Q: 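I am attaching a structure below and will ask some questions about it afterwards.
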Amino acid sequence: MESAYEPKKYESKIYKLWEESGFFNPDNLPNQDGEAYSIMIAPPNITGSLHMGHALENTISDILIRHYRMKGFKTLWLPGTDHAGIATQNVVEKDLKKQNLTRIDLGKEKFLEKIWEWREKYGNIILDQLKQLGCSLDWSRTRFTMDENYQAAVKKAFEHYLEKGMIYQGEKVINWCIKDQTALSDLELEYVEEKGKLWHIKYPIKDSNDFVEVATTRPETMLGDTAVAVNPDDLRYKKLIGKTVIVPIVNREVLIIADQMVDKDFGTGAVKITPAHDMADSDTGERHNLEFIKVINEVGKIINVNDEFNGKKIIEARELVISKLKELGLLVKEEEITHNVAKCYRCGSTVEPMLSKQWFLKTKLLAEKVLAAIEKNEVVYKPERWKKIAEEWLKNIRDWCVSRQIWWGHNIPMEGNSNTFDTWFSSALWPFATLGWPKQTEDLKKFYPSNVITSARDILHLWISRMIFSGIEFMGEVPFKEVYIHPTILALDGKRMSKSLGTGIDPLVLIEKYGADATRFGLILQINHDQQAVRFDERSLISSKNFINKLWNISRFIQMKCEENKSDSISSLKPITLADQWILSRINRLTDSITKKIEKYELGEAAKELYEFTWHEFADWYLEISKFQNENPETQNNTVFILKSSILNLLKLLHPFIPFVTEEIYGQLTGLKQNNDLLIIAEWSEVDDKLINQTAEEEFEKIKNLIIKIRNWKMEQKITFKEIVDYNSESEDKAILTKSEIKDLIEKLTKTKLTS
């Protein structure tokens, strides 16, 4: 082995070796009778490039898939990309803008040709980046949500829902992106804290000098008000329920209604109701059979009011409303506030709720099936708290607006309809459409349902819950047995990472700087399985790089000892010395612990344990002791055999976390001759209960403590480590020194002469 491990020198070579071996593909694995284990990638957008969330998520999946592959499972980690309707259309439109063109200039057919060209050129960049991270996906099964077979699956799903009366077209209040000119679901919104104003407005009571005071951040919507609501238990307004108020400016007569949705302790306790331009107001409007008056259109202009307002942009209308309220003496006050404003998750523009004719999927019955499956533990959430969060959303689910007014995507197959499906409608079919559904393929039989889906919390409802009800509806069972929600990666200051704000970190830069293994290990070291978020600290990657160099140097030492000694003549582990008994006991306990932790998704805890054991038990103690045991002809070969056996076991346990360096070391130590000798398919370490020795561990711990005590004493006395001095053993230490081999070992490790 060379004197130093250089990631750039080895990583591309090793990845090529893996790809050529064919072992990413379950059909090529040696154990074809193995039980299936599968993971479906959370398909990244074709517009995407690797970010820290991707790096963590796919490192987690790779750890799991490598672990189960080594355990003899027939493992499939299926890759692919999502067409990302709005995002991709935005990217291509930006390209066209540089040429002073719009999609309207090109027309739909030519514009879609441009998108396909863009996809061919850039759409798989992120998959190539996953290779740099070391991800062992079966590239031969790569899927795309606009593939011909996938399009057939989307059409089949729509027809199925249509036949069951679960798809309908109707006018409802939806979230509308004026910039992208399309509907969005409530899950596709991002809430941004902004400074704004809260206006308090008087609504005169008919035939009275009294008024009701309401407050709003969107005064222009009052042009479409059709009620004022109060809580039925609010004593201030009990006598006013059923009376008529006049909506200022438009002079519309509307009723004061009672509804429990009004929080009597918030604001004035009275709220204006605009059913056509607010989700909650829409629900209130339906409960009370109110009129829905649309006063803002799809391009963000006022309609259905009068000549003074019609055609004005939202901000212009707002200013005019405020001006008129002041003239009428109906503006009570204007407050400066900070509030959350709904933005389009793709383009960042402010979203306008509005009445719109769209396609909807009835979801109540679908949600009930998911709730039943959760209740029966057919799908389990890790950490468990996400179960309640998923259940809460499912219990309060709204019908799903599945239509989008964009050109790029799956066309809704209705005559004369130019809408496309919401991107999440097609990706909800991912766990089975990728395996060939609606055809009954061999892959579908073998790998559905998959074992786990891992994802960030932000798409728990957008994607995961919808995949579960789709799987139950079309396949008759849940699409995966476990849901693992991994922590969100934040900047060191606790804020979300953002490329636009300069707080984003590019994993590829980290891989270039530290290597893929150190990037993976450094990320995993920072997480705990029950965390919601991690403040990313690059120092963890520095520690990981040092750890990998330590592992390399340990392995070099062992390789050198193997070349010097004839340890290959030994066929089984024989712990001769106390140190032998201790290390073999500890490594078997480690094997048991790491196996359990990986399978319980306690990956950060597993990584920390591997780090501590490798550096502070194996290297600091047994490796140092082995140098003295090698001086004894009786133990020399056996010690080298234990060293080699231990490092090979350790490499197996570390491989899922740091696959490149472990594969290289394993090959050099075993003399790789053919593909079947690769570590990627080596048999996972088994626990040998006969080698677990509690007594030896306790006895060795006492020796360690005495050695540390003597070393600390020498430091306090300012005696250099190499200087051999007498040390008078204390009475409590004498029991440890009864065996001459132990006394001799302690003297060598402390550079002392022990005296009574």
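For reference, positions follow the sequence shown, starting with 1. Bear in mind the structure is a predicted one, so any value in this text is a computation, not a measurement.
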Q: Could you go through Trp116 and Trp408, starting from their C-alpha distance and side-chain angles, then the distance that decides it, and tell me whether this counts as ring pair (Phe, Tyr, Trp, His ring centres under 6.0 Å)?
A: CA-CA 10 Å; Trp116 277 107; Trp408 172 241; 5.3 Å; yes
Q: If we count only N and O atoms by modelled type, under 3.5 Å, do the side chains of Tyr448 and Asp443 hold a donor and an acceptor together?
A: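 On atom types as modelled, these side chains do not qualify, holding no pair under 3.5 Å.
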Q: Charged N to carboxylate O under 4.0 angstrom, Lys388 versus Glu391?
A: no
Q: Could you check Tyr484 against Trp386 for side chain to side chain contact (heavy atoms under 4.5 Å, CB included), going step by step and ending with a plain yes or no?
A: CA-CA 9 Å; Tyr484 173 54; Trp386 296 108; over 6 Å; no
Q: Are more than 12 heavy atoms from other residues, nucleotides or ligands located less than 6.0 Å from atom NZ of Lys369?
A: yes
Q: Can you give me the closest heavy-atom contact between Gly165 and Lys362, atom names plus distance?
A: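 In terms of heavy atoms, the two residues are closest at O-NZ, 3.3 Å.
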Q: Any chance the side chains of Tyr161 and Glu473 put a donor and an acceptor closer than 3.5 Å?
A: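 No, no side-chain donor-acceptor contact under 3.5 Å.
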Q: Hey, what do you get for CG (Leu64) to CG (Asn451), rounding to the nearest 0.5 Å?
A: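 One finds 9.5 Å between CG of Leu64 and CG of Asn451.
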Q: Do Thr434 and Arg141 have side-chain N/O donor and acceptor atoms under 3.5 Å apart?
A: no
Q: I'd like to know if Glu194 pairs up with Lys343 as an ion pair, taking the criterion as any Lys NZ or Arg NE/NH1/NH2 lying under 4.0 Å from an Asp or Glu carboxylate oxygen.
A: yes
Q: Atom OG of Ser426 and atom CH2 of Trp424: how far apart are they, to the nearest 0.5 Å?
A: 9.5 Å
Q: Of the non-hydrogen atoms in Phe23 and Leu29, which two are nearest, and what is the gap between them?
A: O-CD2, 3.4 Å
Q: Check the pair His83 / His410 against ring pair (Phe, Tyr, Trp, His ring centres under 6.0 Å), numbers first and verdict last.
A: CA-CA 9 Å; His83 65 281; His410 298 274; 5.1 Å; yes
Q: When you check the side-chain N and O atoms of Asn149 and Trp437, is any donor under 3.5 Å from an acceptor?
A: no
Q: Testing the 3.5 Å rule here: is there a donor-acceptor pair between the side chains of Asp180 and Thr182?
A: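 No, no side-chain donor-acceptor contact under 3.5 Å.
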Q: As an exercise, state the distance from CD1 of Ile167 to CG of Asp399, rounded to the nearest 0.5 Å.
A: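 Answer rounded to 0.5 Å: 10.0 Å.
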Q: Start with the C-alpha distance between Trp359 and Tyr168, add both sets of side-chain angles, then the distance that settles ring pair (Phe, Tyr, Trp, His ring centres under 6.0 Å), and finish with yes or no.
A: CA-CA 6 Å; Trp359 287 95; Tyr168 65 94; 8.6 Å; no
Q: Classify the ring geometry between Phe73 and Tyr68 as parallel (under 30°), tilted (30 to 60°) or perpendicular (over 60°).
A: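 Aromatic pair Phe73/Tyr68 classed perpendicular.
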Q: Considering non-hydrogen atoms only, spot the tightest contact between Ser61 and Trp77 and give its length.
A: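 Heavy atoms only, the tightest pair is CB-CZ2, 3.4 Å.
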Q: Given Lys600 and Glu482, is the salt bridge (charged side-chain N to carboxylate O under 4.0 Å, His left out) satisfied, shown in steps?
A: CA-CA 10 Å; Lys600 289 193 292 183; Glu482 294 181 308; over 6 Å; no
Q: Applying salt bridge (charged side-chain N to carboxylate O under 4.0 Å, His left out), run through Asp82 and Arg143 and close with a yes or a no.
A: CA-CA 9 Å; Asp82 191 279; Arg143 301 290 184 258; over 6 Å; no
Q: Taking the six-membered ring of Trp18, is NZ or CZ of Arg66 closer than 6.0 Å to its centre and within 45° of its axis?
A: yes
Q: May I have the step-by-step check of salt bridge (charged side-chain N to carboxylate O under 4.0 Å, His left out) for Glu93 and Arg103, ending in yes or no?
A: CA-CA 7 Å; Glu93 285 194 83; Arg103 63 187 169 97; 3.3 Å; yes
Q: With Asn58, which of Ile41, Thr454, Ile63 fulfils side-chain contact (heavy atoms from CB on, under 4.5 Å)?
A: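 Exactly one candidate clears the test, Ile41.
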Q: Measuring from atom OG of Ser470 to atom CE of Met467, what distance do you get when rounded to the nearest 0.5 angstrom?
A: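 So the OG of Ser470 and the CE of Met467 are separated by 9.0 Å.
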Q: If you define the side chain from C-beta out and look only at heavy atoms, does anything of Phe536 sit under 4.5 Å from Leu490?
A: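 No. Closest side-chain heavy atoms not under 4.5 Å.
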Q: Could Arg466 and Phe425 be counted as a cation-pi pair, given that NZ or CZ must be under 6.0 Å from the ring centre and within 45° of the axis?
A: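 No.
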Q: Which atom names give the shortest non-hydrogen contact between Cys401 and Ile174, and what distance separates them?
A: SG-CG2, 3.9 Å
Q: Contact between Pro487 and His529 at the side-chain level, heavy atoms closer than 4.5 Å - yes or no?
A: no
Q: For residues Gln132 and Asp128, is any side-chain donor paired with an opposing acceptor at under 3.5 Å?
A: no
Q: Report yes or no: do His67 and Glu599 form a side-chain donor-acceptor pair below 3.5 Å?
A: yes
Q: Using distance alone, with no hydrogens and no angle criterion, decide if Ser136 and Asp62 have a side-chain donor and acceptor under 3.5 Å apart.
A: yes
Q: I'd like to know if the side chain of Gln358 pairs up with that of Ser403 as donor and acceptor (distance under 3.5 Å, no hydrogens or angles considered).
A: yes
Q: Do Lys97 and Thr102 have a side chain donor and acceptor closer than 3.5 Å?
A: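 No.
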Q: Please step through salt bridge (charged side-chain N to carboxylate O under 4.0 Å, His left out) for the pair Lys445 and Glu442, ending with a clear verdict.
A: CA-CA 5 Å; Lys445 292 174 190 172; Glu442 283 301 309; 3.4 Å; yes
Q: Can you confirm whether Lys155 is buried at NZ, in the sense that more than 12 heavy atoms of other residues, nucleotides or ligands lie under 6.0 Å from that atom?
A: no
Q: With side chain to side chain contact (heavy atoms under 4.5 Å, CB included) as the test, would you mind laying out the steps for Lys131 and Trp139 before giving the verdict?
A: CA-CA 10 Å; Lys131 294 180 181 182; Trp139 302 111; 3.5 Å; yes
Q: Minimum heavy-atom separation for Val402 and Ile412, please, with both atom names.
A: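 Distance-wise, the nearest heavy atoms are O-CD1, 4.5 Å.
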Q: Looking only at heavy atoms, what is the nearest atom pair of Ser38 and Pro449, with distance?
A: OG-O, 4.1 Å
